[in-house]
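Numbers restart at 1 for each chain; the letters A, B, ... are given by sequence-line order, proteins then strands. Quantities reported herein were computed from a predicted structural model and do not represent experimental measurements.
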Amino acid sequence: MEFKLEAHRIVSISLGKIYNSRVQRGGIKLHKNLLVSLVLRSARQVYLSDPCPGLYLAGPAGSPTPQPGEPAAQPPAGWGEPPPPAARAAWPDAEPQRPAVPDAPQAGDAEPAATVTRAGAALRGRNEDTAGAAWGRVDGPRVAAAEGVSDASSEGPPAGCLRAREGQPGPVSRADCRRAPQPAEEEPCAPPGLGPRKRGAAGPGGGHAGCPAPCSTPLKKPRRDGGEEDAEEEMETGNVANLINIFGSSFSGLLRKSPGGGREEEEAEESGPEAAEPGQICCDKPVLRDINPWSTAIVAF
Amino acid sequence: SRYRKKKQKRYLLPDIISTVEFNHTGELLATGDKGGRVVIFQREPESKNAPHSQGEYDVYSTFQSHEPEFDYLKSLEIEEKINKIKWLPQQNAAHSLLSTNDKTIKLWKITERDKRPEGYNLKDEEGKLKDLSTVTSLQVPVLKPMDLMVEVSPRRIFANGHTYHINSISVNSDCETYMSADDLRINLWHLAVTDRSFNIVDIKPANMEDLTEVITASEFHPHHCNLFVYSSSKGSLRLCDMRAAALCDKHSKLFEEPEDPSSRSFFSEIISSVSDVKFSHSGRYMLTRDYLTVKVWDLNMEARPIETYQVHDYLRSKLCSLYENDCIFDKFECAWNGSDSVIMTGAYNNFFRMFDRNSKRDVTLEASRESSKPRAVLKPRRVCMGGKRRRDDISVDSLDFTKKILHTAWHPAENIIAIAATNNLYIFQDKVNSDMH
């Protein structure tokens, strides 16, 4: 859904802001960075709660827009059922009439409002359990994603980054994992809907294996210096590397590195601001390395 | 119409104005700017010779309050921008004010000198020592009038009290203490003591990764020297009583409006952050400003504000763009008039808004050079969102978001307002139909 596109764009913009704040005169502004990190977290939640990440996202050439009138556009052949309405579960009652991010005048935002409204209508009446189920379902493949990062880079040209990475539904924090598991059968869009997204060669976790068994596989999270892996909060920094997985194989260079590259943002290259360009889905590697600052900007104090 | 103001004067300052504050009588108006300068304006007494001048403001004094500094330990530059100025109540012939940047608060004393001693025995007119052999008689030096000279000197420097960026200062009604607030802590100072302060609020979490909320503004109650309020980035207000405990982390009252779930968006949290809080002159109410609204709170009711006014609700659908261009982080201030019947706040396109609490009428005015005749009457403006459009309406899409009025001030007693529009200071005075009180 375009929420995911918008969420991704907002994540990119937010990361750019955090990156830029580090070089601003007067030092890091705690208040602003906190607000940006809250937006980042919200956008990430929306992004992750939509189990079909790559559907509307293409390379810079332009996005495939959903057909108007479809509550959730049909995925390309081989994708199985349409994604569950859980995409909007992040704010269950929110905005069927008013999308979370209404106004971005970007290429790829041309999705007709009708789609939004109808998607919202489909979502109305969903409750939080949906979200839980969504989290539960995506957790399995996520593990595969975490482990199979190196394979992602073989997925396709960086220009088609997100499409190539579609197989990865997105990581789920450990906290969400614990909240999870509802049998996928609750959802009209059953796990098999997820499976095809992982597209064949997508990684060792490919196929449906992970879906019905949320949280059953041990979680391999990138280690951070502090090692606070037990934190349950949304702002838990270990998810940073999972964020990297979301954004696809254009960050293959980054993915090749060990996920623990979190704290080394000091070495980051200076091309961060490029990532904040509106409309660009693929961010440059150095900015992605600085995903960490969205939390460490605060920790730095 | 009662809302029309006569534009009186416009000053072009050398730098972007970052704060505006009248003193307690309204005779003086201080501005701080991004370059660390303070410019003080003084109101000329009304003169019979020029009845139309009606007590206009002229430049009284200019001085450099803060300079850029460098914190070598943390490798970061400390901006010289003046965040806030607060006047002390006048206790003698001199005026005093506090000015602060991100880290350091300074107490400045402003004195006038209009007489000069002449006729020293040991020094000549230029101050050079006289050759004693030429001194044949003794004389008593006398004071002779001279051109008025305004002297400003830093009396106290309150440094090293804050790890984070200072966002507000507030002088206590006891005239002896004041507080300074940064993102996570509030300190209480004695005006005469610079080497120590008392921490009265500390919301820093043990683990910074747990941080969810920061302090955005704070103010002492105008009459009760033990009470103060601070606002947060989550949109809440906390009233604290210093008599209750040394550390006021536990609030006496928490003012918070439940969020409207139907208006939730990515940016709900940002737009609910309170950018300014002001007690009414009566001390009975508080005024808060968040990104889209101003709210009046009754100290006796914590559950919700008693009044909410939409400043520019047409921006609600544009929050994403405003996030992109950083406008959503703009911190607008708000102000009460002397009788607490009208509230004022700034907006974009050099517009500012006034809300009459009694009649519930509101008006949008523009601070611009175009309406530049000294006695011009300001015309109310209107922003249209499509649909029916009148001739002089501005459409939402043609608003200039670089022209923002963040800082406004209202004379404590009269209908005189000071509006800071980037580098320009506008002083508007209402002499006709001054029935806004």
Side-chain angles (χ1 to χ4, degrees), chain A residues 3 6-7 9-11 13-14 16-17 20 22-43 45-46 90-106 109 226 228 231 233-237 276 278 295-301, chain B residues 34 68-69 71 74-81 83 101-103 163-165 167 182-184 204-205 207-216 232-234 260-273 275 291 315-326 328-329 331 397:
Chain A
F3 307 122
E6 200 56 39
R9 199 169 73 81
I10 288 177
V11 169
I13 293 167
S14 304
K17 288 187 194 299
N20 288 331
R22 300 163 67 222
V23 299
Q24 253 170 26
R25 201 165 167 251
I28 297 173
K29 304 279 191 286
L30 183 62
H31 184 197
K32 184 176 175 186
N33 273 268
L34 175 67
L35 295 177
V36 170
S37 70
L38 293 175
V39 170
L40 187 56
R41 179 178 52 174
S42 301
Q45 276 178 342
V46 169
W91 292 297
D93 297 328
E95 321 119 34
Q97 294 80 23
R98 201 192 324 193
V101 281
D103 239 18
Q106 308 293 339
D109 285 346
E228 324 89 342
E233 280 89 284
E234 288 298 319
M235 286 175 69
E236 211 259 318
T237 56
S295 59
T296 58
I298 291 168
V299 177
F301 277 99
Chain B
K34 250 184 100 180
E69 287 174 53
D71 180 335
K74 294 185 193 161
S75 242
L76 46 90
E77 196 178 1
I78 300 168
E79 277 190 279
E80 67 276 30
K81 173 169 74 88
N83 293 336
N101 68 350
D102 283 340
K103 296 287 184 182
T163 308
Y164 303 94
H165 293 121
N167 52 56
D182 66 30
D183 294 309
L184 298 178
K204 184 180 179 190
N207 182 356
M208 277 297 271
E209 295 194 1
D210 299 336
L211 182 73
T212 57
E213 194 172 14
V214 297
I215 298 168
T216 53
S232 86
S233 54
K234 279 192 173 170
D260 175 12
S262 68
S263 63
R264 192 89 198 273
S265 77
F266 283 121
F267 309 106
S268 299
E269 279 147 325
I270 299 189
I271 64 171
S272 66
S273 177
S275 52
Y291 191 63
L315 297 183
R316 197 177 286 275
S317 58
K318 307 212 174 291
L319 295 179
C320 192
S321 312
L322 295 164
Y323 178 71
E324 260 184 279
N325 63 17
D326 269 1
I328 206 173
F329 300 105
K331 295 184 184 173
D397 299 310

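Interface residue B:K331: only side-chain heavy atoms are found under 4.5 Å from chain A. With a 4.5 Å cut-off on non-hydrogen atoms, B:D182 does not touch chain A at all. Heavy atoms of B:S268 lying under 4.5 Å from chain A are absent altogether. Heavy atoms closer than 4.5 Å to chain A are found nowhere in B:E69, neither backbone nor side chain. The part of B:S273 that comes within reach of chain A is its side chain, from C-beta onward, which places non-hydrogen atoms under 4.5 angstrom from that chain. Contacts of B:L184 with chain A are made by side-chain atoms alone, with heavy-atom separations under 4.5 Å and no backbone atom involved.
Residues B:S233 and A:H31 share a closest heavy-atom pair of CB-NE2, 3.5 Å. Heavy atoms only, all atoms of each residue included: A:S14 and B:Y323 are closest at OG-OH, 2.6 Å. Across every non-hydrogen atom of B:E269 and A:L35, the tightest pair is O-CD2, 4.4 Å. Contact record, A:I10 with B:F267: CD1-CZ, 3.7 Å, taken as the closest heavy-atom pair. When all heavy atoms are compared, the tightest approach of A:G26 to B:E79 is CA-CG, 3.9 Å. Shortest non-hydrogen contact noted between A:A43 and B:F266 is CA-CE2, 3.1 Å.
Here the CZ-OG distance, from B:R264 to A:S42, works out to 6.0 Å after rounding to the nearest 0.5 Å. Separating the CD atom in B:E324 from the NZ atom in A:K17 is a distance of 7.0 Å, to the nearest 0.5 Å. For the atom pair OG1 (B:T163) and CG (A:L30), the distance works out to 11.0 Å, reported to the nearest 0.5 Å. Atom CZ in A:R41 sits 8.0 Å away from atom OG1 in B:T212 (nearest 0.5 Å).
Partner of A:L34 under the side-chain contact (heavy atoms from CB on, under 4.5 Å) criterion, chosen from B:V214, B:D183, B:I270: B:V214.
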